[in-house]
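Numbering of ligands and ligand atoms starts at 1, following listing order.
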Amino acid sequence: MTHHGLHHVTAFSGSALRNLDFYTEVLGLRLVKKTVNFDDPGTYHLYYGDETGRPGTILTFFPIADAAPGRVGIGETSETAFRVPRASIGWWLQRLLEAGIVHDAPVAVMGEPTLRLRDPDGTMLALVGVAEAGEASAWTGTVPAEHAIRGLHGVTLLLGEAGPTAAILTDVLGFTEDTREGSSTRYASGAAEGGFVTLRAVGEFLRGRQGAGSVHHIAFRAADDAAQAAMVEALTTRHGLGVTEQRDRAYFRSVYFREPGGILFEIATDVPGFSVDEPIADLGTGLKLPAGLEPHRARIEAALPPLA
Ligand code: ZN
């Protein structure tokens with residue numbers, strides 16, 4: 001069992017209610033945690049994933065109602081992809097049509113059928129048909145189990161040049177080169193969920209501008225604190241990168257660094273996970289606050305927009 005690969009992806013959205021509706025009703029993910037941005041408690045932090053919120057299944061959002069739209073450019077994550085059973089791409093195409101979701105016709109990407117779509121804020125997503133995904137267990141929210149999303153497939157990073165970022169992926173984060181196609185190179189971690197990072201090198205191009213629909217950062221897995229510390233050691237001594245002190249994110253412990261291509265990377269521990277403060281059956285039902293913010297609960301709750 002590998003403990004490499006993506007842990008989660010975090011993006012900005014507009015309206016929290018619209019975001020919740022899209023990810024739980026249209027895509028059928030589970031809201032596994034409702035909390036606030038620990039660094040800005042006036043903003044929700046919504047976590048979507050599978051039944052238990054396993055690493056590699058998590059997409060999170062900071063919703064800001066009046067956020068200006070972002071613009072994708074180099075130094076940004078340009079696409080976040082989910083795994084679905086290969087035979088379900090047609091079913092999803094029909095679902096997106098019926099729900100009026102902006103999408104492209106399915107195409108083959110690195111040999112896999114890929115259905116690209118946008119969420120209501122313009123976040124670029126894809127559903128990738130993976131043969132073995134149908135065998136994995138699925139959270140059955142609004143989507144029948146046979147078609148449901150089975151965690152993240154991977155992300156695509158838009159870069160000026162790929163080499164320096166590739167060195168971090170392969171030397172520190174547990175990835176190996178997997179497939180090349182055009183200007184893109186895909187790296188694999190061996191994990192079923194969140195297993196892939198594709199680097200797309202485009203040379204001179206506009207830099208991205210963060211806003212609603214932009215991915216803020218991507219997080220990679222470390223099994224525990226010791227594994228994380230070893231990765232930090234490699235980043236600082238072998239690659240000369242500055243890494244933050246560890247921060248307690250309640251459901252995982254994290255360090256952050258800006259990779260050579262300009263994208264914010266996080267390394268998050270697999271432990272303790274989302275059932276640390278509410279039982280699996282109740283995940284996502286209550287507003288959870290870290291101990292330091294609990295004394296301010298009434299004021300925080302009053303300032304957050306309603307989610308129903
Ligand atoms: Zn994060």
Side-chain angles (χ1 to χ4, degrees), residues 3-13 16 19 23 29-41 43-50 52-64 67 70 75-82 123 125 151-152 154-157 165 168-169 172-174 189 191 193-194 197 208 210-225 227-228 231-232 235 241-259 261-274 276-277 283-284 288-290 293:
H3 290 279
H4 292 303
L6 293 168
H7 185 286
H8 64 266
V9 174
T10 293
F12 292 114
S13 78
N19 180 263
Y23 284 96
L29 300 178
R30 185 178 193 192
L31 178 68
V32 294
K33 196 61 64 180
K34 181 166 57 176
T35 183
V36 295
N37 181 347
F38 292 3
D39 301 323
D40 175 16
T43 303
Y44 278 119
H45 195 181
L46 303 179
Y47 289 76
Y48 305 102
D50 74 352
T52 61
R54 283 177 305 136
T57 73
I58 303 288
L59 175 60
T60 93
F61 286 90
F62 298 129
I64 300 167
E76 278 202 329
T77 298
S78 58
E79 185 178 278
T80 302
F82 294 100
T123 309
L125 305 173
L152 294 168
V155 290
T156 301
L157 310 184
T165 303
I168 303 299
L169 287 176
V172 181
L173 298 173
S189 67
E193 295 95 2
V197 173
Q210 296 261 296
S214 301
V215 172
H216 179 254
H217 67 264
I218 60 174
F220 294 86
R221 294 174 62 182
D224 52 26
D225 292 334
Q228 185 187 64
M231 293 156 100
V232 171
L235 287 168
L241 292 175
V243 183
T244 66
E245 293 292 300
Q246 191 189 65
R247 291 176 196 164
D248 184 358
R249 298 313 194 187
Y251 314 106
F252 41 85
R253 293 182 289 275
S254 299
V255 297
Y256 302 82
F257 64 100
R258 189 118 355 229
E259 58 82 32
I263 299 172
L264 187 60
F265 278 12
E266 171 182 350
I267 300 172
T269 57
D270 282 1
V271 287
F274 292 95
V276 71
D277 61 357
L283 289 181
K288 294 296 169 185
L289 298 176
L293 292 175

**Student:** So does His216 have any N/O/S atom less than 2.8 Å away from the Zn ion (ligand 1)?
**Tutor:**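 Within the cut-off used here (under 2.8 Å), His216 places no N, O or S atom near the Zn ion (ligand 1).
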**Student:** With no hydrogens and no angle check, is any side-chain donor or acceptor of Thr269 less than 3.5 Å from a backbone partner on Arg253?
**Tutor:**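 Such a contact is found between Thr269 side chain and Arg253 backbone.
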**Student:** For Phe274, does its backbone N or O pair with a side-chain atom of Lys33 as donor and acceptor, under 3.5 Å?
**Tutor:**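 Looks like yes, one N/O pair under 3.5 Å.
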**Student:** Under 3.5 Å, is there a donor on one side chain and an acceptor on the other for Thr60 and Thr10?
**Tutor:**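 On atom types as modelled, these side chains qualify, holding a pair under 3.5 Å.
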**Student:** Answer yes or no as to whether an N/O/S atom of His7 is found below 2.8 Å from the Zn ion (ligand 1).
**Tutor:**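 Not a single backbone or side-chain N, O or S atom of His7 is under 2.8 Å from the Zn ion (ligand 1).
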**Student:** Can you label the angle between the Phe265 ring and the Phe257 ring as parallel, tilted or perpendicular, going by 30° and 60°?
**Tutor:**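 Ring orientation of Phe265 relative to Phe257: perpendicular.
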**Student:** Taking the Zn ion (ligand 1) as the vertex, what is the angle from NE2 of His8 to OE1 of Glu266, given to 10 degrees?
**Tutor:**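 NE2 of His8 and OE1 of Glu266 make an angle of 100° at the Zn ion (ligand 1), to the nearest 10°.
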